[in-house]
Amino acid sequence: MPELPEVETVVRSLAPLIRGRKISGARLRLEKLIRRPAAFELDALAGRRILDVSRRGKMVRISVEGGLSLVFHLKMTGQLLARPAAEPLDKHTHFCLAFRDDGAELRFRDVRKFGFLACLRTAEMAASKEFAGLGPEPLETGREAFAALFRGRRGRTKSLLLDQRVIAGIGNIYADEALFAARIHPLTGAVRLRTSDLDRLWRETRRVLRRAIAARGTSVSDYRDAEGLEGDFQERLRVYGRAGEPCPRCGTPIRRIVVGGRGTHFCPRCQRRC
DNA sequence: GCCACTGTTAGCAT
DNA sequence: CATGCTAACAGTGG
């Protein structure tokens with residue numbers, strides 16, 4: 001479930017642990033993890049320092065001296081962890097980045113192996129297939145611009161929230177939570193959203209993302225930050241994973257349906273279909 | 001043992 | 001452009 005708040009938490013916990021350190025080498029243990037083409041030789045990383053760690057959508061960007069960047073996508077079960085180099089590798093660790101000092105190395109673990117790593121030229125990153133076409137950041141999008149993303153679209157509101165080309169970083173958990181907070185039924189056609197609905201969706205989407213970041217993300221199973229710590233937001237989820245439980249607002253049992261192949265949780269009374 | 005289910009998204013058919 | 005299905009993979013729980 002690494003969605004925007006989890007990836008942001010990974011970035012914030014990882015940055016102070018690796019920024020400024022000089023790379024000694026990279027080990028790729030699962031060939032398919034790295035995207036080719038546009039995977040420059042990982043050997044080229046040796047001797048260069050980490051400049052910065054940042055997030056775009058659900059992806060982590062690590063920029064390195066000399067104009068190279070590493071891009072990671074955690075997909076469902078990926079983890080970026082700082083671990084002591086002496087610690088044995090488990091079978092789900094697919095990539096390691098070691099440093100010239102004696103500190104922790106960076107490890108990429110991914111039980112389901114859906115995640116990827118790309119090594120790109122920083123200058124070409126924005127135009128790469130990983131980033132081109134990605135929608136705006138919800139926390140950097142104003143009310144009007146947010147509304148414009150939905151106007152003239154024909155899809156269902158939840159599907160659009162999940163579409164990374166429309167808006168970046170929102171996944172299944174926060175889509176359900178934002179729709180609940182905004183009192184919008186997940187199947188509502190975007191064409192039917194009024195300005196007042198879009199205002200609430202904008203405000204509540206941002207609110208739930210900010211609160212989730214403050215709680216350091218949601219750990220329902222695999223998610224951990226760079227130090228291996230769980231988040232706390234799972235305790236604050238109001239509908240996700242709560243089918244059958246009473247709605248925290250009105251007491252009606254939360255329902256679960258499938259929308260676009262994704263489990264979808266909502267209150268049939270607070271979120272009226274329109 | 002088998003089946004259903006899981007947070008993502010690319011690719012393909014319709 | 002949109003939707004729906006499958007696949008990639010491994011683990012968990014019934």
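Convention: sequence-line order gives letters A, B, ...; per-chain numbering from 1. Quick caveat, the model's predicted, so the values are computed rather than measured.
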Counting any heavy atom closer than 4.0 Å, what does D222(A) reach on the DNA or RNA strands: base, sugar-phosphate only, or nothing? base
Gap in Å between the two C1' atoms, one belonging to dG1(B) and one to dA8(C), rounded: 24 Å
To the nearest angstrom, the NZ-C1' distance between K58(A) and dT8(B) comes to 6 Å
So what does Y240(A) touch, heavy atoms closer than 4.0 Å: a base, only the sugar-phosphate, or nothing? sugar-phosphate
Specify the separation, in whole Å, of atom CG of L117(A) and atom P of dT9(B). 17 Å
Under a 4.0 Å N-O cut-off, is there an ion pair linking E105(A) with R107(A)? yes
Within this structure, what is the CZ-to-P distance between F116(A) and dT9(B), rounded to whole angstrom? 9 Å
Parallel, tilted or perpendicular: which one describes the rings of H92(A) and H94(A), with boundaries at 30° and 60°? perpendicular
Starting at NZ of K113(A) and ending at P of dA10(B), how long is that distance when rounded to a whole Å? 21 Å
Is the closest side-chain heavy-atom distance between L97(A) and I50(A) below 4.5 Å? yes
Among dT8(B), dG11(C), dC9(C), which is the nearest nucleotide to the side chain of R112(A)? dC9(C)
When all nucleic acid strands are considered with a 4.0 Å heavy-atom cut-off, which category describes E6(A): base, sugar-phosphate, or nothing? nothing
Mind checking R262(A) for me? I need base, sugar-phosphate or nothing, with any heavy atom below 4.0 Å counting as a touch. base
Taking all atoms of both residues into account, what is the closest heavy-atom pair of P186(A) and R156(A), and its distance? O-CB, 4.0 Å
Which nucleotide, if any, forms a Watson-Crick or G-U wobble pair with dC9(C), using both distances under 3.5 Å? none
Phosphate OP1/OP2 of dC9(C): any K75(A) side-chain N/O under 4.0 Å: no
Could you state the atom-to-atom distance from CE of M76(A) to P of dC9(C) in whole Å? 14 Å
From the list dC9(C), dT3(C), dA2(C), which nucleotide is the closest neighbour of the side chain of R156(A)? dT3(C)
Value in whole Å for how far the C1' atom of dA2(C) lies from CG of L187(A): 15 Å
Write down the distance separating the P atoms in dG11(C) and dT9(B), rounded off to the nearest Å. 22 Å
What does K129(A) touch in the nucleic acid at a heavy-atom separation under 4.0 angstrom: a base, only the sugar-phosphate, or nothing? nothing
Nearest heavy atoms of R236(A) and A215(A), plus distance in Å: NH1-CB, 4.1 Å
Distance, rounded to the nearest Å, where I170(A) contributes CD1 and dT8(B) contributes C1': 14 Å
How close do V10(A) and Y223(A) get, heavy atom to heavy atom, and via which atoms? CG2-CE1, 3.9 Å
According to a strict under-4.0 Å criterion, is K32(A) in side-chain N/O contact with OP1 or OP2 of dA8(C)? no
Between dA10(B) and R165(A), is there an OP1 or OP2 to side-chain N/O distance shorter than 4.0 Å? no
Report yes if a side-chain nitrogen or oxygen of Q164(A) is closer than 4.0 Å to either non-bridging phosphate oxygen (OP1 or OP2) of dT8(B); otherwise report no. no
Reckon H73(A) has a side-chain N or O less than 4.0 Å from the OP1 or OP2 of dT9(B)? yes
Please report, rounded to the nearest Å, how far the P atom of dC9(C) is from the NE2 atom of H92(A). 14 Å
